[in-house]
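Worksheet for the structure shown next.
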Amino acid sequence: MQPVDPRASRRNFIKYLLASPLLAGAAEAYAQEGELSLKWEDPMMWAPQDAGQLVATPQAAQNVFDLEVVAHKNVPPAHWGYLTTGAEGEHTLRANRADFQRFALRPYRMRDVLKVDTSTTLFGEKLDSPIFICPTSSNGAFFKDGELSVSRAAGKMNHLQMLSTVATYGIEECMKERGSPIWFQLYASNSYDIAKSLVQRAADAGCPGVVITVDVISSRKNETQARLRKLDKRNCLECHATMNGGTPSNKKPNYSKITPEMWKDVPPGTGANMTWEIAKRLRDTQPKMKFIIKGILDPQDAVDCAKHGFDAVMISNHGGRDDDGGWSTIRALSEIAPAVNKKIPILIDSGFRRGIDVAKAVAMGATAVGIGRPYLWGLGSFGQPGVERVLEILNTELRTAVGQAGCTSLKDLNPKMIRT
Ligand SMILES: Cc1cc2nc3c(=O)[nH]c(=O)nc-3n(C[C@H](O)[C@H](O)[C@H](O)COP(=O)(O)O)c2cc1C
């Protein structure tokens with residue numbers, strides 16, 4: 001048998017990357033940086049996706065990317081495209097990962113870090129971990145039980161969880177599966193009455209808070225999703241036919257109390273007309289609930305969030321799915337944290353894949369860090385145990401990162417440790 005020259009196979013693989021329209025930007029970066037100086041962390045980029053190399057159990061996964069490739073194999077191409085896609089040229093999607101390299105965490109030594117505590121406090125409540133489950137739509141597309149499995153995992157592992165307006169299961173069902181409260185994420189639509197009714201439903205279900213998503217504005221262009229959809233041989237209309245002129249499907253249970261009359265003459269979309277005034281009106285309908293604004297990237301917007309009395313600001317670019325300006329959330333945090341100056345808690349998501357990413361964000365001033373795709377990889381690979389494994393991996397990595405930084409708790413992480 002001919003011995004395999006690893007350099008030759010790497011060269012071939014790079015040639016393959018350069019030829020692939022899906023990976024064009026990544027391949028370009030790889031070629032520019034030089035073969036030796038940049039090793040992709042994400043195995044989707046460099047490891048052969050040979051079924052024999054996929055992990056067979058959640059426990060076998062070393063990092064969250066090991067579950068990504070299993071989910072890729074399990075989830076049909078159109079749904080995988082929906083999960084994985086960014087917007088347009090995916091510059092924001094890539095920046096969300098790449099920009100963690102702009103911020104190094106300088107560690108302390110000669111401190112007793114035998115015991116490390118990674119709990120945090122949000123709105124006076126102690127959370128075992130700062131890592132939370134972001135709202136993601138249509139989880140039934142990735143695993144049969146969808147959000148029910150996610151809720152069970154989040155409940156068992158005691159992680160804060162936000163449920164999407166357009167989840168496959170309703171807030172009441174998910175809360176029952178979880179056994180404790182879930183936050184409700186609001187796509188306000190372009191109608192105040194619909195938004196108010198959704199908020200009321202969340203209040204009736206016992207949600208402690210509402211997360212108003214304000215960053216899905218124009219109709220987005222997700223090219224990876226469009227390309228992968230063409231590979232799917234199933235008839236999409238069998239499931240998606242209930243979309244009616246842009247009105248959300250009645251298969252999305254959180255809309256079940258919204259009547260056809262309420263949808264009449266409402267322009268399609270998730271809330272392009274959202275302003276501070278509308279958000280405040282909604283908030284004032286439920287004085288007992290907390291309200292967070294999700295999708296903030298500008299320091300002044302974040303300061304305004306505090307000024308208008310919202311309970312927290314959530315820095316997010318929707319995981320690079322909506323706009324492609326290339327502004328990562330970790331860079332946004334570096335400007336927003338000093339501007340907000342601890343007036344309200346800062347939550348952040350987009351691109352977090354490692355415990356060290358979480359530690360950096362906490363050092364820079366975040367109270368809690370959300371994950372989207374990673375737990376969907378866990379879900380798509382092994383269902384509930386896959387989600388649990390993702391949380392377990394990230395918590396373990398975080399504990400390591402905090403201890404390695406010479407800190408015994410998240411409170412010890414501070415902005416002085418961050419070097420650019
Ligand atoms: C498949 C998918 C569906 C999503 N659906 C929603 C949603 O319904 N509401 C929302 O506010 N954000 C949604 N998001 C964005 C997430 O809440 C979160 O901001 C993002 O996934 C974080 O980035 P990450 O995937 O890189 O971790 C979705 C993200 C994905 C990947």
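Atoms within each ligand, like the ligands themselves, are counted from 1 in listed order.
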In ligand 1, the atoms that come under 4.0 Å of a heavy atom of L376 are 1 (C)
Can C207 and R201 be said to form a side-chain contact (heavy atoms from CB on, under 4.5 Å), step by step?
CA-CA 9 Å; C207 295; R201 180 173 180 158; over 6 Å; no
Are any of the N/O atoms in G351 less than 3.5 Å from those in ligand 1?
yes
Is the W276 to F310 ring centre distance short of 6.0 Å?
yes
Would you find more than 12 non-hydrogen atoms of other residues, nucleotides or ligands less than 6.0 Å from R234 atom CZ?
yes
Is F352 in polar range of ligand 1, meaning some N or O pair under 3.5 Å apart?
no
One finds that the ligand 1 atoms under 4.0 Å from a non-hydrogen atom of C134 are 16 (C), 17 (O), 18 (C)
Sub-4.0 Å atoms of ligand 1 with respect to non-hydrogen atoms of V166:
8 (O)
Salt bridge or not for R389 and E392, using N-O below 4.0 Å?
yes
Just heavy atoms, cut-off under 4.0 Å: does H79 contact ligand 1 by side chain, backbone, both, or neither?
neither
Option whose closest heavy atom lies nearest to atom 15 (C) of ligand 1, chosen from H318, R373, R321
H318
How does S316 reach ligand 1, by side chain, by backbone, by both or by neither, if only non-hydrogen atoms under 4.0 Å count?
side chain
Top protein contact for atom 17 (O) of ligand 1, by heavy-atom distance:
P135 O, 2.7 Å
Ligand 1 and Q185, any nitrogen or oxygen pair closer than 3.5 angstrom?
yes
Does the side chain of P107 reach to within under 4.5 Å of the side chain of M417, using non-hydrogen atoms?
no
As an exercise, identify every atom of ligand 1 less than 4.0 angstrom from a heavy atom of P374.
27 (O)
